[in-house]
Protein chains: 2
Amino acid sequence: MKLKSDKDEVTLKDIAEVVGKSVAAVSRALNDYDDISPDTRAYIKQVAQEMGYKPNLLAQRLQKRATDSLGLILPVLSPRNADPFFSELLGGIANEATTQGFDLLVSTCTQGDEENQAYSRLIEGRRVDGIIVAHPRWHDTRISLLTEQQFPFIIVGAVLPELKHLCVTDDVTEGATQIVNHLIAQGHTKIALINTTLDLISSSNFLAGFQKAMLNAGLTINQNWLESCNTTPKDGYQTAQLLFSRVETPTAIVTADDVLALGVIAAAHDQGLEVGHDLAVTGYGDILLAEHSHPPLTTIERPTYTLGQHACRLLINRLRNQSLGPETVLFKPSLVIRQSSDLALWL
Amino acid sequence: MKLKSDKDEVTLKDIAEVVGKSVAAVSRALNDYDDISPDTRAYIKQVAQEMGYKPNLLAQRLQKRATDSLGLILPVLSPRNADPFFSELLGGIANEATTQGFDLLVSTCTQGDEENQAYSRLIEGRRVDGIIVAHPRWHDTRISLLTEQQFPFIIVGAVLPELKHLCVTDDVTEGATQIVNHLIAQGHTKIALINTTLDLISSSNFLAGFQKAMLNAGLTINQNWLESCNTTPKDGYQTAQLLFSRVETPTAIVTADDVLALGVIAAAHDQGLEVGHDLAVTGYGDILLAEHSHPPLTTIERPTYTLGQHACRLLINRLRNQSLGPETVLFKPSLVIRQSSDLALWL
DNA sequence: ATTATAAACTTAAAGGTTTGAGGAGTCAAA
DNA sequence: TTTGACTCCTCAAACCTTTAAGTTTATAAT
């Protein structure tokens, strides 16, 4: 026999009745106000503990007009699409959010109208206090919307040219340069690029890094060898086939994404090319499979999980302390050389 | 110039003042109660619209003592681990949740103590109305906890033996049987199995299907060829190496997961084996990369996205309508035959 | 003329917490 | 004896919405 049914939650009022004090006193005691005597405070805390009191978050949130939640909207190219970047980013964000006592609200949308609706839903419903925007684009309507509404947000995956926002990213330009320099050091001169879709700011960064390294080495960039596509194996496969159909073909293909690169490798195999020997292929991101593809993929290690953690932390800091100005965190990329681009490693 | 600053939200009270009615009348009008005259109702709705009224979700939720949120906790083996199954499942869940007006709250945890903490956090904080549990295990403490607390939940990825819970899954046993039958039809008799970790209920199901097909064909199961590991490429790689080191080696390796299978393929390559020719390898799940691995991977197509959708829908139905009893949804798997197991497809 | 009925509202409480303002009591200094 | 200060509380409003119960006014029935 229980005093309270399992379903009835203990409230401040219940505690107040037991200890014979006002609800306010109980609240203040539990929140460590110093205008409650130490004895009473200890007693109240003990009773609260014994009664199994858990504050009602909804009431607290209504009171302080904050949701203690962050929003993340995942872009969905197709139902079957599952970009490891987002899962890993999500991991970092979710972990940090929990640490900071925040909830993470995730929703999905396809690009286009649905995307703006998804953002409006979060903002207008005041479902979250801040939003994390991944992979910003040129003329990004999400960012316009958030800026217009003066809604707190942080960008992951590129630094906006205006420099007036919170941004966390790895240095994609630098990463691209490192990759290309590595290929040049391997003796390659005929280097192709398969970039991610050009609306992404990061794709421009990647291109910039690519160009910089090529020009620096005095190499010309063949416009027939510049392509871009979505980050799926299939797209990588098809775009590689396109390159193979050119009259002149490259000896190395630089890609801006690992998943895409795995598609390129598959295409090369089907073309009868031995990757790492006849053709060098590189990726970006160092997903788990990069190490265990055939051959293992040369790529740039991107601290995706850490990116998520930092983005989350920075955004929460911003929410807690209005005074902070724009801030940018840039992670240095590191090159991971594997057989797909290195003859010396090839047996 | 605006009447209200951007930051001040319009409340029922504001509308009430403008239309000269009580707050209750406004609330009732907006909620289509029929004890408000049609004229007034229309007028109030129009004013609300013009003033840009958006109901305060926190207040609504406090009022009706429900969060309109679902919880999903992602297991994290390592920061770098990103299981496509979960991303895809997440997609289906998130999509359906939004459709139904629910929010999806995601958090992460490593297995063990942290996991129970994560679930307690959701339950005790009443952060969500229901929880989706993926990949149930034997003696699953998550399920004990939820059952004890009488908290609504649904299980994805297996049907519990007790049959008293909501469950949505694909028929893993059937899938395993199909795979093995296919290999047997290809002439294989020396078939090894690399299962997922044995604490998962689905791994038992997979094993059951495997055994059934083997026994049915009169084949003996070699205990030296039964292994299990985590679903990462590295684990698959290492476990395959283990199999290759046996005195007698199989001609086919069945695995219970695509990602794991890709690791097996890499190991086979490094061993000098031509997958699809010298060795058949099969996976489970039909992730995007399965079609573009080298060689393309024979696998079972799992409707992961749909699994998520259905789980979400069923759980919400349960929350809305207490009367429903236990329910189980089982999806039939379908075999996708590719070069990794079929000589006829091999050139 | 009285009573019942219905329409169109309003009032007030409830949901649980936080917090500024204020009050009662004690003690000490002037 | 007043004044002030201090300690330890309580009151009541506020956050915003929903809803059970009640009120007013008009209309119809008896």
Side-chain angles (χ1 to χ4, degrees), chain A residues 4-5 7-45 47-48 51-69 101 103 124-129 320, chain B residues 4-5 7-45 47-48 51-69 101 124-127 129 320:
Chain A
K4 284 237 156 201
S5 119
K7 282 291 166 195
D8 282 346
E9 302 292 352
V10 180
T11 68
L12 288 184
K13 197 175 162 194
D14 298 326
I15 301 174
E17 276 164 16
V18 171
V19 301
K21 298 270 148 96
S22 71
V23 168
V26 175
S27 170
R28 297 175 104 90
L30 293 177
N31 288 299
D32 284 321
Y33 277 55
D34 56 7
D35 60 358
I36 303 292
S37 79
D39 287 356
T40 320
R41 208 188 312 170
Y43 176 50
I44 289 178
K45 282 188 177 180
V47 171
M51 294 177 71
Y53 170 73
K54 305 282 172 193
N56 182 316
L57 287 178
L58 290 174
Q60 285 184 323
R61 289 171 176 181
L62 173 61
Q63 202 333 106
K64 72 171 170 217
R65 251 143 315 172
T67 60
D68 285 351
S69 304
D103 285 341
E124 294 180 355
R126 297 177 218 86
R127 295 173 132 86
V128 296
D129 298 337
R320 291 195 171 136
Chain B
K4 283 236 157 204
S5 118
K7 281 292 166 193
D8 282 346
E9 301 293 351
V10 180
T11 68
L12 289 183
K13 198 175 161 195
D14 297 327
I15 301 175
E17 278 165 15
V18 171
V19 300
K21 297 270 149 98
S22 71
V23 169
V26 176
S27 172
R28 296 179 100 88
L30 294 176
N31 288 300
D32 283 321
Y33 276 58
D34 57 7
D35 62 355
I36 303 291
S37 80
D39 287 354
T40 319
R41 209 187 312 171
Y43 175 50
I44 288 178
K45 281 188 177 181
V47 172
M51 294 177 72
Y53 171 73
K54 305 280 170 193
N56 182 316
L57 287 178
L58 290 174
Q60 284 183 324
R61 289 171 176 180
L62 172 61
Q63 215 309 124
K64 72 172 169 214
R65 252 143 315 172
T67 60
D68 287 349
S69 303
E124 294 180 355
R126 296 176 218 86
R127 295 174 132 87
D129 298 337
R320 291 194 172 137

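Worth knowing before you read on, the calculation uses all heavy atoms, side chains too, and leaves out hydrogens, waters and symmetry mates. Chain A is the first sequence line, chain B the second, and so forth, proteins listed ahead of strands; every chain is numbered from 1.
- For the atom pair CG of Leu57(A) and CD of Glu124(B), the computed distance is 11.0 Å after rounding to the nearest 0.5 Å.
- Leu30(A) places a side-chain heavy atom less than 4.5 Å from the side chain of Leu12(A).
- dG16(C) atom C1' lies 12 Å from atom CD of Glu9(A), rounded to whole Å.
- Residues that satisfy the side chain to side chain donor-acceptor pair (under 3.5 Å) test with Asp32(A), not counting sequence neighbours, are Lys45(A).
- For the segment residues 33-44 of chain A, residues with any heavy atom less than 4.0 angstrom from an atom of DNA chain C are, sorted by number, Tyr33(A).
- If you take NZ of Lys13(B) and C1' of dT11(C), they are 15 Å apart, rounded to a whole angstrom.
- In this structure, Asp68(A) and Asp129(A) have side chains that are in contact, with non-hydrogen atoms separated by less than 4.5 Å.
- Mapping heavy-atom proximity under 4.0 Å, the span of DNA chain D touched by chain B runs 5' to 3' from dC16(D) to dA20(D).
- In this structure, Ser69(B) and Arg61(B) approach most closely via the heavy-atom pair OG-NH1, 4.2 Å.
- Closest heavy-atom contact between Arg127(B) and Asp103(A): NE-OD1, 2.8 Å.
- Arg28(B) comes within 4.0 angstrom of a nucleotide base, judged by non-hydrogen atoms across all strands.
- Side chain of Arg28(A) to main chain of Tyr33(A): no donor-acceptor pair is present (N/O by atom type, distance under 3.5 Å, no hydrogens or angles).
- Of all heavy-atom pairs between Tyr53(A) and Val10(A), the closest is CD1-O, 3.3 Å.
- Looking at every heavy atom in both residues, Leu58(A) comes nearest to Leu62(B) through CD1-N, 4.0 Å.
- The separation between Gln60(B) atom CD and dG16(C) atom C1' is 17 Å, rounded to whole Å.
- Residues from residues 62-69 of chain B lying near DNA chain C, meaning a heavy-atom separation below 4.0 Å, are Leu62(B), Gln63(B), Arg65(B) in numerical order.
- Lys54(A) places its NZ atom 17 Å from the C1' atom of dT17(C), with the value rounded to the nearest Å.
- Residues passing the side chain to side chain donor-acceptor pair (under 3.5 Å) test with Arg126(A), sequence neighbours excluded: Glu9(B).
- For the residue pair Ile15(B) and Ala48(B), the shortest heavy atom distance occurs at CD1-CB, 3.7 Å.
- The stretch residues 15-27 of chain A touches DNA chain D through Lys21(A), Ser22(A), Ala24(A), Ala25(A), each having a heavy atom within less than 4.0 Å of the strand.
- A pairwise comparison of heavy atoms in Val23(A) and Ala16(A) identifies N-CB, 3.8 Å as the closest pair.
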